Peer 1: 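Questions regarding the structure given below will be posed in turn.
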Amino acid sequence: MTLRLHNTLTATKDVFEPVAAGQVGMYTCGPTVWNYAHAGNLRAFLVYDLVRRHLQVSGYDVTHVMNLTDIDDRILDQAMHAGVTIGDYVKPYVAAFFEDMGALRAQPATHYPRATEHIPEMVEMISELIENQHAYIADGDVYFRIASFPTYGALSHLDRAGLRAGARIAQGGRGLGSAEPVPGGASSRIRQDKYDKESVSDFALWKKAQPDDEKLGAAWDAPFGRGRPGWHIECSAMSKRYLGVTLDIHAGGVDLMFPHHENEIAQSEAANHKQFARFWLHSEHLADATGEKMSKSAGGFTTLRDLTDAGHDPVAVRFFLLASAHYRTRLRLSTESLHAAAEQVRRLREFADRVQRSTPSDVDDGDLLRRIGEVRTGYREALDDDLNLPQGVGLVFELAREANAAMDSGRVGERSRDALLLLVDDFDAHLDIVRSEEPGLAQEVARLIAEREAARKGRDFGRADQIREELREKGIALEDSKEGVRWRRVR
RNA sequence: GGCGACGUAGCCAAGUGGCAAGGCAGAGGUCUGCAAAACCUCCAUCCCCAGUUCGAUUCUGGGCGUCGCCUCCA
């Protein structure tokens with residue numbers, strides 16, 4: 001069995017092999033923590049989770065790095081409005097991001113580097129680029145010289161002649177020189193860095209500190225002047241720090257392909273003289289109800305909180321985002337689809353539960369045993385074929401029906417039951433929906449409730465509230481009532 | 001304007017040169033004290049037109065439609 005992944009670089013499904021046997025270094029573009037992540041962002045993050053899980057299933061030891069962009073124009077603007085430093089501004093959104101990922105059962109990444117905590121690495125890389133003529137200083141800003149990197153555009157398959165034309169102008173959209181306001185009030189800042197570039201397509205590595213930046217805690221010293229990093233450099237610098245110069249896999253949403261990933265390649269390869277990433281994976285957009293890409297400016301902006309407030313189980317959201325469509329096809333968010341996902345989750349859980357509890361009959365049905373084997377193989381092959389989870393899940397449902405019928409008529413013996421349990425493990429390795437409660441959770445909750453009751457009796461309300469808060473973070477809500485303390489899952 | 005993707009049942013969606021997975025919703029049934037769960041049955045000439053082929057939903061060309069990217073974006 002061979003894992004094949006669609007590689008944007010080659011535009012084909014290529015057999016995956018890491019540089020070092022058995023070990024995979026994967027870098028994925030994480031959130032810009034200027035707001036809550038929306039469902040489209042979450043889809044991308046869950047796709048990373050799927051890639052990572054399947055690599056693990058395939059026997060690889062995965063080092064997964066996901067950055068947190070905690071400095072960018074939007075953050076600066078918002079922090080300014082709020083009158084706080086960017087560090088303070090970002091804090092609740094970082095927390096919300098981790099809460100969301102937990103609720104969606106994404107495995108934690110190995111490292112979550114933050115841009116503001118890796119300024120030295122970025123400064124070093126920028127210095128290197130200036131030194132070897134791939135970057136230049138212009139009025140305190142530092143720009144990457146695209147003309148110095150002939151293969152620019154290879155990933156997104158855009159040719160440089162087309163880019164230079166500033167193509168949007170032809171459409172009457174916002175041209176490069178236009179100062180037309182951008183939704184969100186970011187216009188003044190976005191206008192700032194457009195002077196003295198050798199070429200319009202050159203992008204900023206470093207932006208000269210503005211007076212406001214100092215107040216916001218967004219300025220750092222560097223040999224080429226005080227300022228702050230441009231957006232792209234963080235990924236190049238941080239991936240190198242944690243994974244070395246060549247990544248096995250770099251993943252992100254399609255909208256990052258150009259210019260972000262293209263710029264990363266240019267920076268990294270110009271600085272390191274080594275291939276930056278061997279496999280580029282891009283997940284498709286989530287569309288809103290109207291069929292258009294979900295984004296803040298378009299208005300269709302749904303967060304996980306919105307969905308859970310509307311009564312959707314985060315695990316159903318996970319299933320919807322991951323299993324209802326292949327990661328490279330557009331998926332449309334709708335109440336009906338979420339409901340369908342919830343039903344599928346319920347059925348799979350019900351099935352897993354039934355298998356676990358069933359008492360094997362005396363004889364095994366040979367046909368059933370063979371079918372289970374077929375489906376396990378087919379499932380594995382579907383995932384190996386560029387992570388086709390929807391297809392794999394289809395096979396599982398087909399078998400679940402057959403197996404349920406077999407259990408109805410007592411035709412599931414010991415061997416079949418064991419095989420079914422393995423199948424459940426197979427699909428849950430990716431879906432992670434079966435385990436509805438962590439083992440021992442009820443006992444643990446009961447213990448904590450007892451401890452909290454003792455604390456309350458002793459009027460140690462600080463401790464009592466601490467326990468309640470801890471449980472709340474794990475998704476357990478406590479309710480004190482006359483009949484005693486009740487607890488329930490809230491996500 | 002340039003580049004690219006997609007169009008499969010009421011909805012979501014997988015897929016293949018040879019009888020079109022799966023899920024949701026719907027209809028009927030089995031089981032059940034009733035219900036739930038589970039199971040059974042039913043529910044698609046794969047956007048249109050040409051071409052290649054013994055055979056096309058799948059390949060090629062054209063059309064129509066939807067969407068994405070072209071320096072804010074997962």
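If you're wondering where the values come from, they're calculated on a predicted model, not measured in any experiment. Letters A, B, ... mirror the listed sequences (proteins, then strands); counts begin at 1.
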Peer 1: Using the C1' atom as the point on both nucleotides, what is the distance between B:U32 and B:C39, in whole Å?
Peer 2: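 Between the two C1' atoms, the distance is 13 Å.
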Peer 1: Please answer whether the main-chain N or O of A:R114 pairs with a side-chain N or O of A:N67 as donor and acceptor at a distance below 3.5 Å.
Peer 2: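 Looks like no, no N/O pair under 3.5 Å.
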Peer 1: Base, sugar-phosphate alone, or nothing: which one does A:R43 contact when heavy atoms must sit under 4.0 Å apart?
Peer 2: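 A:R43: no heavy atom of the nucleic acid under 4.0 Å.
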Peer 1: Write down the distance between CG (A:L395) and C1' (B:G15), rounded to a whole number of angstrom.
Peer 2: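 Taking atom C1' of B:G15 as the reference, CG of A:L395 is at 11 Å.
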Peer 1: Taking atom C1' in both B:C11 and B:C43, compute the distance separating them and give it to the nearest angstrom.
Peer 2: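 Those two atoms are separated by 14 Å.
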Peer 1: Between A:R401 and B:A38, is there a contact of a side-chain N or O with OP1 or OP2 at under 4.0 Å?
Peer 2: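 A:R401 to B:A38 OP1/OP2: no side-chain N or O under 4.0 Å.
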Peer 1: According to a strict under-4.0 Å criterion, is A:R346 in side-chain N/O contact with OP1 or OP2 of B:C24?
Peer 2: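 No.
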Peer 1: Roughly how far, to the nearest 0.5 Å, is the CG atom of A:D386 from the NE2 atom of A:H54?
Peer 2: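 A:H54 NE2 to A:D386 CG: 10.0 Å, rounded to 0.5 Å.
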Peer 1: Between A:Q133 and A:S148, is there a side-chain donor-acceptor contact under 3.5 Å, judged purely by atom types and distance?
Peer 2: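 No, A:Q133 and A:S148 have no side-chain donor paired with an acceptor closer than 3.5 Å.
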Peer 1: By the 4.0 Å heavy-atom rule, please label A:T28 as base, sugar-phosphate, or nothing.
Peer 2: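 Nothing: the residue A:T28, judged by heavy atoms under 4.0 Å, touches no strand.
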Peer 1: Kindly point out which of B:G15, B:U71, B:A37 is positioned nearest to the side chain of A:Q391?
Peer 2: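 Ranking B:G15, B:U71, B:A37 by closest atom to the A:Q391 side chain puts B:G15 first.
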Peer 1: Measure from the side chain of A:S201, starting at C-beta and using heavy atoms only, and say which of B:G22, B:G10, B:U71 lies closest.
Peer 2: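 Among B:G22, B:G10, B:U71, the one nearest the side chain of A:S201 is B:U71.
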Peer 1: Is it true that A:D426 and A:R380 make a salt bridge, defined as a side-chain N closer than 4.0 Å to a carboxylate O?
Peer 2: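 Result for this pair is no, no salt bridge flagged.
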Peer 1: With C1' as the reference atom in both, quote the distance from B:A21 to B:A14 in angstrom, rounded to an integer.
Peer 2: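 Comparing C1' positions in B:A21 and B:A14 gives a spacing of 6 Å.
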Peer 1: Taking the side chain of A:F258 as its heavy atoms from C-beta onward, which of B:G68, B:C70, B:A25 lies nearest to it?
Peer 2: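 Out of B:G68, B:C70, B:A25, the nucleotide with an atom closest to A:F258's side chain is B:C70.
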Peer 1: How far does the P atom of B:C19 sit from the matching atom of B:G4, given to the nearest Å?
Peer 2: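 Those two atoms are separated by 33 Å.
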Peer 1: Using the P atom as the point on both nucleotides, what is the distance between B:G33 and B:G28, in whole Å?
Peer 2: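 Between the two P atoms, the distance is 22 Å.
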Peer 1: Counting heavy atoms from C-beta on, name the nucleotide in B:A13, B:G22, B:C67 closest to the side chain of A:R330.
Peer 2: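 Minimum distance to the A:R330 side chain belongs to B:C67.
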Peer 1: I want to check something: taking the side chain as every heavy atom from C-beta on, are A:M407 and A:V355 in contact at a cut-off of under 4.5 Å?
Peer 2: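 The answer is yes, as the side chains (C-beta and beyond) meet within the 4.5 Å cut-off.
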Peer 1: Out of B:C24, B:A38, B:A5, which has the shortest distance to the side chain of A:N404?
Peer 2: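 The answer is B:A38.
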Peer 1: When you measure from the side-chain N and O atoms of A:R347 to the phosphate of B:A38, is any distance below 4.0 Å, counting only OP1 and OP2?
Peer 2: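 A:R347 to B:A38 OP1/OP2: side-chain N or O found under 4.0 Å.
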Peer 1: Could you give the distance separating B:C69 and B:G26 at their C1' atoms, to the nearest angstrom?
Peer 2: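 Per the computed distance, 40 Å lies between those C1' atoms.
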Peer 1: Counting only side-chain N and O atoms of A:K197, is one of them less than 4.0 Å from OP1 or OP2 of B:U71?
Peer 2: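 It does not, given that no N or O in the side chain of A:K197 lies less than 4.0 Å from OP1 or OP2 of B:U71.
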Peer 1: Could you give the CG-to-P distance, from A:N263 to B:C72, as a whole number of Å?
Peer 2: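 These atoms are roughly 11 Å apart.
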Peer 1: Short of 4.0 Å, heavy atom to strand atom, which residues of residues 316-327 of chain A count as contacting RNA chain B?
Peer 2: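 Nucleic-acid contacts, sorted: A:S324, A:A325, A:H326.
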Peer 1: Take the protein atom CZ of A:R328 and the nucleotide atom P of B:C69, then report the distance between them rounded to whole Å.
Peer 2: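 The answer, rounded to whole Å, is 18 Å.
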Peer 1: From the options B:C12, B:G22, B:A38, select the nucleotide whose nearest atom is closest to the side chain of A:S337.
Peer 2: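 Side chain of A:S337 sits closest to B:C12.
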Peer 1: Side chain of A:E336 only, heavy atoms from C-beta on: which candidate in B:U71, B:C39, B:C11 is closest?
Peer 2: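 Looking only at side-chain atoms, A:E336 lies closest to B:C11.
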Peer 1: Where do A:D384 and A:R4 land on the salt bridge (charged side-chain N to carboxylate O under 4.0 Å, His left out) test, with the steps shown first?
Peer 2: CA-CA 6 Å; A:D384 276 346; A:R4 297 190 319 145; over 6 Å; no
Peer 1: Taking the P atom in each of B:C49 and B:C64, what is the distance between them to the nearest angstrom?
Peer 2: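 B:C49 and B:C64 have their P atoms separated by 15 Å.
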Peer 1: If the P atom of B:G17 is compared with that of B:C6, how far apart are they to the nearest Å?
Peer 2: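 Comparing P positions in B:G17 and B:C6 gives a spacing of 15 Å.
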Peer 1: Between B:A14 and A:N388, is there an OP1 or OP2 to side-chain N/O distance shorter than 4.0 Å?
Peer 2: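 Result: no.
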Peer 1: Checking contacts here: which listed nucleotide (B:G68, B:A14, B:A37) is nearest the side-chain heavy atoms of A:P390?
Peer 2: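 The nucleotide sitting nearest to the side chain is B:A14.
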Peer 1: Rounding to an integer number of Å, can you tell me how far A:H38 NE2 sits from B:C72 P?
Peer 2: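 From A:H38 NE2 to B:C72 P: 16 Å.
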Peer 1: Looking at the side chain of A:T329, which of B:C24, B:A14, B:C69 is the nearest nucleotide?
Peer 2: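 Nearest to the side chain of A:T329 among the choices is B:A14.
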Peer 1: Take A:A341 and A:P259, find for each the nucleotide of RNA chain B with the closest heavy atom, and name the residue whose nucleotide sits nearer the 5' end.
Peer 2: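 Per heavy-atom nearest nucleotide, the more 5' residue is A:A341.
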Peer 1: A:E374 CD to B:G22 P: how many Å, rounded?
Peer 2: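 From A:E374 CD to B:G22 P: 14 Å.
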